[in-house]
Amino acid sequence: TDYLNNRGIGTVQIRKEVDYASAYKKLRPTIEDYLEEYPNVQMVIDIHRDSFSTNNGTPCKTVATVNGQTVTQLMIVSGTGGNENWRQNLGFQARLHNMLENRYPGLMRPLILRDSSYNHDLTPASMILEVGTAGNELSEAMQSAYLFAETLADYLLGATE
């Protein structure tokens, strides 16, 4: 949020813990309230870590090496359910995904398309961003989040890579 604001891209951060089983349904009224308060918002990014683990429950660790540093891999999840404009979201997500992967080969896991809502119908450029997994270190996740914010800002400000 700080990085994007410093680049001139106004952001609002919602920090709210909810039970995963009904998180999107519970968060929808909060997001709608923010969208009413900030009508220029064009994007909602749900940021969290993937619960990916082995069959015995051991958390997996997804990493990439960027500029000699170990970072978490990132994954964009796109929801199509209940969203008439899912293709618009997917187009944005795919362009951003490609820009990230071109800049930082190996950073991105495959983009996932799911027939679920995730509240992606609320804005034209919504997504889930999985920042690593429960097995990754916080420092790895923070560096990947920075790379994402830097690339997102460049994309929004017109960079064409």
Side-chain angles (χ1 to χ4, degrees), residues 1-5 9-54 57 59-64 71-101 103-104 106-136 138 140-156:
T1 301
D2 290 340
Y3 182 85
L4 293 172
N5 283 324
I9 300 166
T11 61
V12 178
Q13 185 179 41
I14 302 170
R15 288 182 166 228
K16 188 171 186 177
E17 288 187 37
V18 293
D19 176 45
Y20 178 76
S22 58
Y24 299 103
K25 185 176 182 178
K26 287 181 180 177
L27 281 174
R28 188 175 187 92
T30 302
I31 295 169
E32 290 172 333
D33 289 345
Y34 272 85
L35 292 174
E36 187 174 321
E37 184 175 348
Y38 303 97
N40 293 329
V41 169
Q42 296 295 307
M43 175 185 311
V44 173
I45 304 174
D46 176 9
I47 302 173
H48 52 90
R49 64 183 180 182
D50 195 349
S51 60
F52 181 49
S53 61
T54 64
C60 291
K61 182 175 181 171
T62 62
V63 297
V71 299
T72 65
Q73 286 185 304
L74 303 174
M75 181 172 66
I76 295 173
V77 180
S78 183
T80 64
N83 183 0
E84 294 178 7
N85 300 313
W86 68 269
R87 286 175 184 84
Q88 182 179 358
N89 273 352
L90 182 60
F92 163 73
Q93 296 157 356
R95 287 186 298 275
L96 181 61
H97 180 279
N98 288 338
M99 190 173 181
L100 283 155
E101 187 61 22
R103 281 185 174 189
Y104 310 110
L107 178 66
M108 300 303 296
R109 292 169 59 195
L111 192 149
I112 301 293
L113 186 64
R114 293 207 173 117
D115 183 23
S116 297
S117 171
Y118 306 124
N119 297 318
H120 289 177
D121 59 304
L122 295 175
T123 66
S126 294
M127 73 179 76
I128 293 173
L129 179 66
E130 303 270 8
V131 182
T133 69
N136 287 104
L138 178 60
E140 297 167 339
M142 294 299 292
Q143 185 59 32
S144 291
Y146 173 79
L147 297 172
F148 178 84
E150 176 185 58
T151 304
L152 177 62
D154 289 347
Y155 177 89
L156 294 174

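Residues take their numbers from the sequence shown, with the count starting at 1.
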Enquirer: Output yes when Arg109 and Glu130 qualify as a salt bridge under the 4.0 Å nitrogen-oxygen rule, no when they do not.
Expert: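 Salt bridge flag = no for Glu130 with Arg109.
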
Enquirer: State, yes or no, whether a side-chain contact exists between Lys25 and Asn119 at a heavy-atom distance under 4.5 Å.
Expert: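 Sidechains of Asn119 and Lys25: no contact.
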
Enquirer: Under 3.5 Å, which donor-acceptor pairs do the side chains of residues 80-92 form with other protein atoms, sequence neighbours left out?
Expert:
{"residue": "Thr80", "atom": "OG1", "partner": "Arg114", "partner atom": "O", "Å": "3.3"}
{"residue": "Asn83", "atom": "OD1", "partner": "Asn85", "partner atom": "N", "Å": "2.9"}
{"residue": "Asn83", "atom": "OD1", "partner": "Trp86", "partner atom": "N", "Å": "3.4"}
{"residue": "Asn83", "atom": "ND2", "partner": "His120", "partner atom": "O", "Å": "3.2"}
{"residue": "Asn89", "atom": "OD1", "partner": "Ala125", "partner atom": "N", "Å": "3.0"}
{"residue": "Asn89", "atom": "OD1", "partner": "Ser126", "partner atom": "N", "Å": "3.1"}
{"residue": "Asn89", "atom": "ND2", "partner": "His120", "partner atom": "O", "Å": "2.9"}

Enquirer: Indicate yes or no for a side-chain donor-acceptor contact from Glu101 to the backbone of Met108 under 3.5 Å, with no hydrogens or angles considered.
Expert: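 Confirmed, Glu101 side chain pairs with Met108 backbone.
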
Enquirer: For residues Val44 and Ile31, determine if any side-chain heavy atom of one lies less than 4.5 Å from a side-chain heavy atom of the other.
Expert: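 In short, these two side chains touch, coming nearer than 4.5 Å.
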
Enquirer: Could you tell me whether the side chain of Leu35 reaches within less than 4.5 Å of the side chain of Pro39, counting heavy atoms only?
Expert: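 Heavy-atom side-chain distance check fails, nothing below 4.5 Å.
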
Enquirer: List the atom of Gly106, the atom of Ala64, and the distance in Å for their closest heavy-atom pair.
Expert: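 Shortest heavy-atom contact: O-CB, 3.3 Å.
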
Enquirer: Is any side-chain heavy atom of Val63 closer than 4.5 Å to a side-chain heavy atom of Asn136?
Expert: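 Counting from C-beta outward, Val63 and Asn136 do come under 4.5 Å.
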
Enquirer: Would a 4.5 Å heavy-atom cut-off, applied to side chains only, mark Leu129 and Leu74 as touching?
Expert: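 Yes, their side chains come closer than 4.5 Å.
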
Enquirer: List the atom of Leu4, the atom of Ala149, and the distance in Å for their closest heavy-atom pair.
Expert: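 That would be CD2-O, 3.6 Å.
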
Enquirer: Please answer whether the main-chain N or O of Gly135 pairs with a side-chain N or O of Thr133 as donor and acceptor at a distance below 3.5 Å.
Expert: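 Yes, because the side chain of Thr133 sits within donor-acceptor range (under 3.5 Å) of the backbone of Gly135.
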
Enquirer: Is there a side-chain contact between Leu152 and Ile45 in this structure, where contact means two heavy atoms from C-beta onward sitting under 4.5 Å apart?
Expert: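 When only atoms from C-beta onward are counted, Ile45 and Leu152 do touch, with a gap below 4.5 Å.
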
Enquirer: Using every non-hydrogen atom in the two residues, find where Gln13 and Tyr34 come nearest and quote the distance to one decimal.
Expert: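 Taking every non-hydrogen atom into account, O-OH, 4.4 Å.
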
Enquirer: Could you go through the side-chain contact (heavy atoms from CB on, under 4.5 Å) check for Thr151 and Arg103 one step at a time?
Expert: CA-CA 8 Å; Thr151 304; Arg103 281 185 174 189; 3.3 Å; yes

Enquirer: Counting C-beta onward and ignoring hydrogens, is there a side-chain heavy-atom pair between His48 and Ile128 closer than 4.5 Å?
Expert: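 Side-chain contact under 4.5 Å: yes.
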
Enquirer: Once you round to the nearest 0.5 Å, how far does CE of Met75 lie from NE2 of His97?
Expert: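 Atom-to-atom, Met75:CE and His97:NE2 are 9.5 Å apart.
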
Enquirer: Any chance you could lay out the side-chain contact (heavy atoms from CB on, under 4.5 Å) test for Asp154 and Met99, step after step, and finish with the verdict?
Expert: CA-CA 10 Å; Asp154 289 347; Met99 190 173 181; 4.0 Å; yes

Enquirer: For Tyr3 versus Glu150, what's the shortest heavy-atom pair and its separation?
Expert: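 Taking Tyr3 first and Glu150 second, the nearest heavy atoms are CE2-CA, 3.4 Å.
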
Enquirer: Give me the atom names and distance for the closest heavy-atom approach of Thr72 to Val131.
Expert: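 Where Thr72 meets Val131 most closely, the heavy atoms are OG1-CG1, 3.7 Å.
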
Enquirer: Is the closest side-chain donor-acceptor distance between Ser78 and Gln93 under 3.5 Å?
Expert: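 Yes, Gln93 and Ser78 have a side-chain donor paired with an acceptor closer than 3.5 Å.
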
Enquirer: Would you say that Tyr155 contacts Leu100 through its side chain, given a criterion of any heavy-atom pair below 4.5 Å between the two side chains?
Expert: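 The answer is no; the side chains never approach within 4.5 Å.
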
Enquirer: Counting only heavy atoms not in Arg28, do more than 12 fall under 6.0 Å of its CZ?
Expert: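 Count over threshold, so yes.
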
